[in-house]
Enquirer: 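Sending over a structure as structure tokens; questions will come in a sec.
Because only heavy atoms are used, hydrogens play no part in the values below, and waters and symmetry mates are left out as well, while side chains stay in. Both ligands and their constituent atoms are indexed starting at 1 by order of listing.
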Amino acid sequence: MNEVADATRFAELWSSLADVGRDRVTGGYRRFAWTSADLACRDWFASQAADRGLTVEIDRNGNQWAWWLPESGALGAAANADERRNALAIGSHLDSVPDGGAFDGPLGVISALAAIDLLRARDWRPQRPIVIANFADEEGARFGIACAGSRLLTGQLDAAKARALRDGDGVRLADAMESAGQDPDALGRDDEWLASISEFVELHIEQGRGLIDQDAPVGVASSIWPHGRWRFDFAGEANHAGTTALDDRRDPMLTYANTVLSARKKARLGGALATFGKVSVEPNGTNAIPSRVSAWLDSRAPDEAALDAVVEQISEAARERGARDGTAVEVVNESRTAIVEFDHGLRDKIRKTLTDVFGPVPQLPTGAGHDAGILAAELPTAMLFVRNPSGLSHTPAEHAEAADCLTGVAALAEVVAQLAGAQPGKNRGSGA
Ligand code: HGY
Ligand code: MN
Ligand code: MN
């Protein structure tokens, strides 16, 4: 892999982003959409793209795109009429969850830049446009809806609903975007932009142990589990912690706590996943029985029926407990993503390309949502996973070995050469 390391200066590229938005105490990242850390990431992306002579554009939904256009004439006269047609998109996202890891998102963007460096070092040139995406707000950490940039691009998130989303401080998405120089009134499905892209391949660190257990450095995604987010609002009666008898209480924290326990039990019985990872308490005082608790359920399952069933069972358990506690329970679905089966033709083409060069390439499902899953409703998409030795993700401990990252770059370069070269073998800059 020395050729890849030397041709891409991957370590240097990696470290140039490493300090942006990193918390000095935890080592985790806080790159929330449209905050200064996110804007610094976006500036970094634009600068790296400019250093490579790529044309950077921002679509109406704030997604960044860096174009590598074929040399003039390469597309032939007809295609030159619109040089951005039939583009192969690669890339991922740069925003993070609270205290996220360094690899979730950035590995895909950095590997895309490095793959272009590697192909250029091999004197390979594209026969169709290639574009690197940095999708806005993939994690939904600040405004609550994951893949907001790609959902807006495809019309899967209503623009007015998006503008009105508020963060924990009450700041509207519209205002946060406006402060960043984005016109919130322009948000919405972008047919013209979608028409310019005909395939999207997203490289991502695996968020699980599939590849380490199968002793493979890279893999190809088969599907994304259906998943969603539900807000549970528990309303009770505020009162004094020191003077209110237990039987006189209507304590929403009690209902919430029992709901968390029920969620684990229902998920286990239903072969699903259920997580309450975020909770807000009002008034949130040590000596005050809360008036209200809001908690967010993230649930995922191998199929739609299992997901619907487990969420309904958790909701029913919450309502039953609320009746006992004298609290009101309201469940609001904030986002839901149907199962994604990645395009079989693209998946198999990629898998064959990689198997020829790297040997057996596992195919594996994931429970993690991705922009490639959102775009799959519009065009053929695929995902390349890079081995994660611990499987840990959404934590500062998330890690991938340098050698595997370089293999990921080489694999992505192979895929790009295969998909964007004139003839297989004609422009093969491969041979990693
Ligand atoms: O939540 C997810 O699955 C992804 O990390 N946005
Ligand atoms: Mn993530
Ligand atoms: Mn991600």
Enquirer: What atoms of ligand 1 come within less than 4.0 Å of a heavy atom belonging to E138?
Expert: 4 (C), 6 (N)

Enquirer: Which heavy atom of the protein is the closest neighbour of atom 1 (O) of ligand 1, given with residue, atom name and distance?
Expert: R300 NH2, 2.9 Å

Enquirer: May I ask you to check whether E139 has an N/O atom sitting below 3.5 Å from an N/O atom of ligand 1?
Expert: yes

Enquirer: Do ligand 1 and H394 have nitrogen or oxygen atoms that lie under 3.5 Å from each other?
Expert: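 Between H394 and ligand 1, an N or O pair is found under 3.5 Å apart.
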
Enquirer: Return the number of protein N, O or S atoms with a distance to the Mn ion (ligand 3) smaller than 2.8 Å.
Expert: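 Excluding waters, the total comes to 3.
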
Enquirer: Does the R351 side chain pair with the main chain of V361, one donor and one acceptor, at a distance under 3.5 Å?
Expert: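 Side chain of R351 to backbone of V361, a donor-acceptor pair under 3.5 Å: yes, one is there.
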
Enquirer: Just how far is it from atom CG of L113 to atom CD1 of I90, taken to the nearest 0.5 Å?
Expert: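 Answer rounded to 0.5 Å: 8.0 Å.
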
Enquirer: Looking only at distance, does D298 have an N or O less than 3.5 Å from an N or O of ligand 1?
Expert: no

Enquirer: Looking only at the side chains, is there a donor atom on one of H93 and D137 sitting less than 3.5 Å from an acceptor on the other?
Expert: no

Enquirer: Can you label the angle between the H204 ring and the H370 ring as parallel, tilted or perpendicular, going by 30° and 60°?
Expert: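 Judged by the thresholds at 30° and 60°, the geometry between H204 and H370 is perpendicular.
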
Enquirer: Less than 6.0 angstrom separating the ring centers of F276 and F232, yes or no?
Expert: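 When the ring centroids of F276 and F232 are compared, they turn out to be within the sub-6.0 Å range.
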
Enquirer: Pick one of side chain, backbone, both or neither for how H370 approaches ligand 1, counting any non-hydrogen atom pair under 4.0 Å.
Expert: neither

Enquirer: So that I know where these two stand, are W65 and F45 an aromatic pair - ring centroids less than 6.0 Å apart?
Expert: no

Enquirer: Less than 4.0 Å between a side-chain N and a carboxylate O, is that true for D308 and R336?
Expert: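 So R336 pairs with D308 through a salt bridge.
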
Enquirer: Any heavy atom of H227 closer to ligand 1 than 4.0 angstrom?
Expert: no

Enquirer: According to side-chain hydrogen bond (donor to acceptor under 3.5 Å, both in side chains), who are the partners of D404, at least two apart in sequence or on a separate chain?
Expert: R387

Enquirer: Tell me which protein heavy atom sits closest to atom 4 (C) of ligand 1, plus the residue, atom name and distance to 0.1 Å.
Expert: G369 O, 3.3 Å

Enquirer: Closer than 4.0 Å to some heavy atom of A368 - which atoms of ligand 1 meet that?
Expert: 3 (O)

Enquirer: Any ion pair linking R52 and D117 (charged N to carboxylate O, less than 4.0 Å)?
Expert: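 Here D117 pairs with R52 in a salt bridge, since their nearest N and O are under 4.0 Å apart.
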
Enquirer: Hey, would you say the F200 and F135 ring centroids sit under 6.0 Å apart?
Expert: yes

